[in-house]
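Heads up, the thing below is written out as structure tokens.
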Amino acid sequence: MDFSNYKDTFTNEAIKRGYSEQNIKRCLDYAAPLFSNDVPVIYNTSHLSVLVGYKKEYLKKAALHTKYFYRDFEIVKRNGKKRPISEPLPSLKEIQHWILKNILYNIPVSPFAKAYKPNISLIENLKFHRNQPKVFTLDLENFFPSITIDSIEKIFIELGYSKSVSDLLAKLCTRDGTLPQGAPTSPSLSNLIFIEADALIADYCIQRKIRYTRYADDLSFSGDFDEKELFDKVNGIIKKMNFNINTAKTKLMTPGSRQTVTGIVVNEKPQVVFHKRNELRQAMYYIQKFGIDQHREYREINQRNFLEHLLGKINFVLQINPKDTEFIGYKSFLIDLKKKRDLNYDTLKII
């Protein structure tokens with residue numbers, strides 16, 4: 001429905017309900033910029049409750065008492081450290097998914113942002129940095145926690161939402177005043193927050209023929225450049241936006257060394273780093289020789305979906321390099337193994 005049709009439909013319905021001409025005009029004046037920004041019209045809390053399918057009282061509780069609407073746990077990162085995760089309860093997550101699909105996905109983000117966008121793969125971030133004289137990567141420290149509720153509210157206000165609606169949407173997407181690591185809306189909101197920084201960094205890089213992409217909190221640069229000058233420029237831009245660079249993760253990689261972007265080797269062709277591929281090789285060697293059950297028992301692996309988990313890792317290797325014949329063979333072996341297992345399960349059910 002375009003705005004002209006919406007205007008006619010709304011006006012006719014509003015007249016039936018006894019709205020004054022002034023009130024109708026005020027509502028349509030409010031709706032017009034939201035239509036131009038391709039986001040749904042939300043007049044107030046009651047209207048949002050109808051759109052998302054939850055009572056107004058529930059929305060208010062979720063916005064005011066956020067800590068009761070999340071469960072906390074930790075996952076182990078690649079470096080062995082633990083990352084805290086705040087996962088919203090199913091009801092709040094459903095509301096956040098509505099905000100994500102109906103509002104956030106409709107807002108354009110920087111073309112230099114290569115993560116958290118529908119229908120885009122990791123390979124999009126890698127192809128820009130192949131066979132370059134230098135690859136320089138920077139990591140942002142505490143990316144999500146550095147993004148405040150005020151900056152989130154500003155996004156919704158700039159779309160045309162009222163202060164009260166923007167405040168409610170921002171509270172439904174944040175916890176303790178920042179973006180929670182675990183909410184489905186957090187990744188897209190981080191891209192929107194970083195639009196200005198992406199533009200400033202990209203403008204500097206384009207003038208100097210430096211290739212730039214950002215995958216979440218990983219900033220990658222490649223080409224021929226003065227890395228100290230580049231670091232100082234990028235650091236100055238992001239500090240103005242209340243972000244910090246994790247200097248311990250800053251890397252400069254030349255052609256003589258292994259050049260990686262988001263953990264993927266990009267020297268000649270994209271390839272998952274050697275130690276990860278080697279771990280998979282070892283696992284597959286023992287599985288093919290002794291069987292998957294014996295391998296799990298020997299390694300004390302209690303993960304119930306271990307086969308699917310292993311298949312997922314091999315699929316990731318093939319996503320980066322689809323022509324890797326070694327891992328194509330591993331995938332074929334595991335698929336056959338899975339078919340036999342599923343067939344056995346089905347047989348047992350019949351018996």
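Heavy-atom basis, side chains included; hydrogens, waters and symmetry copies ignored.
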Hey, is [X] close enough to [Y] for a salt bridge, meaning N to O under 4.0 Å?
{"X": "K340", "Y": "D336", "value": "no"}
{"X": "E13", "Y": "R17", "value": "yes"}
{"X": "K171", "Y": "D167", "value": "yes"}
{"X": "E141", "Y": "K249", "value": "no"}
{"X": "R281", "Y": "E326", "value": "yes"}
{"X": "R175", "Y": "D72", "value": "yes"}

Please confirm whether the backbone N or O of [Y] pairs with a side-chain atom of [X], one donor and one acceptor, at under 3.5 Å?
{"X": "K331", "Y": "N315", "result": "no"}
{"X": "K114", "Y": "P111", "result": "yes"}
{"X": "N142", "Y": "P145", "result": "no"}
{"X": "Q96", "Y": "L172", "result": "yes"}

Which distance, rounded to the nearest 0.5 Å, do you find between the [atom1] of [X] and the [atom2] of [Y]?
{"X": "C205", "Y": "R211", "atom1": "SG", "atom2": "CZ", "answer": "12.0 Å"}
{"X": "L138", "Y": "I245", "atom1": "CG", "atom2": "CD1", "answer": "4.5 Å"}
{"X": "C173", "Y": "I103", "atom1": "SG", "atom2": "CD1", "answer": "8.0 Å"}
{"X": "L89", "Y": "I95", "atom1": "CG", "atom2": "CD1", "answer": "10.5 Å"}
{"X": "I193", "Y": "F144", "atom1": "CD1", "atom2": "CZ", "answer": "11.5 Å"}
{"X": "I314", "Y": "R277", "atom1": "CD1", "atom2": "CZ", "answer": "11.5 Å"}

- Pair N5-D2, side-chain hydrogen bond (donor to acceptor under 3.5 Å, both in side chains): steps then yes or no: CA-CA 6 Å; N5 291 331; D2 60 22; 3.2 Å; yes
Quick check: closest heavy atoms across [X] and [Y], and the distance to 0.1 Å?
{"X": "S186", "Y": "P180", "result": "OG-O, 2.7 Å"}
{"X": "G223", "Y": "Q132", "result": "CA-OE1, 3.5 Å"}
{"X": "I210", "Y": "Y204", "result": "CD1-CE2, 4.5 Å"}
{"X": "A170", "Y": "F156", "result": "N-CE1, 3.9 Å"}
{"X": "P184", "Y": "L100", "result": "O-CD2, 3.7 Å"}
{"X": "T66", "Y": "A62", "result": "CG2-O, 3.2 Å"}

Looking at [X], I'd like to know if its [atom1] atom is crowded, meaning that more than 12 non-hydrogen atoms belonging to other residues, nucleotides or ligands lie closer than 6.0 Å.
{"X": "E196", "atom1": "CD", "value": "no"}
{"X": "E297", "atom1": "CD", "value": "no"}
{"X": "Q207", "atom1": "CD", "value": "yes"}
{"X": "F73", "atom1": "CZ", "value": "yes"}

- Query: Y330 and F333: ring pair (Phe, Tyr, Trp, His ring centres under 6.0 Å), yes or no, with the steps?
  - Reply: CA-CA 5 Å; Y330 294 153; F333 180 87; 8.6 Å; no
Contact between [X] and [Y] at the side-chain level, heavy atoms closer than 4.5 Å - yes or no?
{"X": "V234", "Y": "L219", "answer": "yes"}
{"X": "L334", "Y": "L310", "answer": "yes"}
{"X": "T137", "Y": "F221", "answer": "no"}
{"X": "L140", "Y": "N244", "answer": "no"}
{"X": "D232", "Y": "K228", "answer": "yes"}
{"X": "F136", "Y": "S220", "answer": "no"}
{"X": "Y212", "Y": "I206", "answer": "no"}
{"X": "L192", "Y": "I152", "answer": "no"}

- Task: Take the angle between the ring planes of F10 and Y19 and call it parallel below 30°, perpendicular above 60°, tilted in between.
- Result: perpendicular
- Would you call the rings of F290 and Y286 parallel, tilted or perpendicular if under 30° counts as parallel and over 60° as perpendicular? parallel
According to a 4.5 Å side-chain heavy-atom criterion applied to Ile, Leu, Val, Met, Phe, Trp and Tyr, with indirect links allowed, do [X] and [Y] form part of one hydrophobic cluster?
{"X": "Y285", "Y": "F306", "result": "no"}
{"X": "L280", "Y": "I335", "result": "yes"}
{"X": "I149", "Y": "L189", "result": "no"}
{"X": "W98", "Y": "V50", "result": "no"}

Can you give each donor-acceptor pair under 3.5 Å made by side-chain atoms of residues 24-44, sequence neighbours left out, with the distance rounded to 0.1 Å?
unit_1, atom_1, unit_2, atom_2, d
K25, NZ, D29, OD2, 2.8
R26, NH2, N23, OD1, 2.7
Y30, OH, I42, O, 2.7
Y30, OH, S162, N, 3.2
S36, OG, P33, O, 2.6
N37, ND2, P33, O, 3.2
N37, ND2, L159, O, 2.7
Y43, OH, Y6, OH, 2.7
N44, OD1, S46, N, 3.2
N44, OD1, H47, N, 2.8

- Task: For side-chain hydrogen bond (donor to acceptor under 3.5 Å, both in side chains), just list the numbers for R214 and N191, CA-CA rounded to whole Å, side-chain angles, deciding distance to a tenth of an Å, and then say yes or no.
- Result: CA-CA 9 Å; R214 179 179 59 82; N191 270 348; 2.9 Å; yes
- Message: Using the rule given for salt bridge (Lys or Arg N to Asp or Glu O under 4.0 Å), can you reason through E229 versus R208, listing the C-alpha separation, both sets of side-chain angles and the distance that settles it, and then say yes or no?
- Response: CA-CA 11 Å; E229 180 184 303; R208 290 157 182 80; 3.7 Å; yes
- Item | From CA spacing to verdict: side chain to side chain contact (heavy atoms under 4.5 Å, CB included), M284, F327 | CA-CA 10 Å; M284 290 304 303; F327 281 82; over 6 Å; no
- Residue pairs, two or more places apart or on separate chains, that pass salt bridge (charged side-chain N to carboxylate O under 4.0 Å, His left out) and touch residues 89-108: E87-K93
- Item | Worked check of side chain to side chain contact (heavy atoms under 4.5 Å, CB included) between L48 and V165 | CA-CA 9 Å; L48 180 61; V165 170; 5.9 Å; no
- Evaluate the criterion side chain to side chain contact (heavy atoms under 4.5 Å, CB included) for residue pair V52 and L59; output intermediate values, then yes/no. CA-CA 10 Å; V52 300; L59 296 182; 4.1 Å; yes
- Query: Would F243 and F194 count as a close aromatic pair, with their ring centres under 6.0 Å?
  - Reply: yes
- Task: Using the side chain to side chain contact (heavy atoms under 4.5 Å, CB included) rule, take D139 and T250 through it: C-alpha gap first, then chi angles, then the decisive distance, then the call.
- Result: CA-CA 7 Å; D139 182 88; T250 299; over 6 Å; no
- Is it the case that K61 places NZ or CZ above or below the six-membered ring of Y68, under 6.0 angstrom from the centre and within 45 degrees of the axis? no
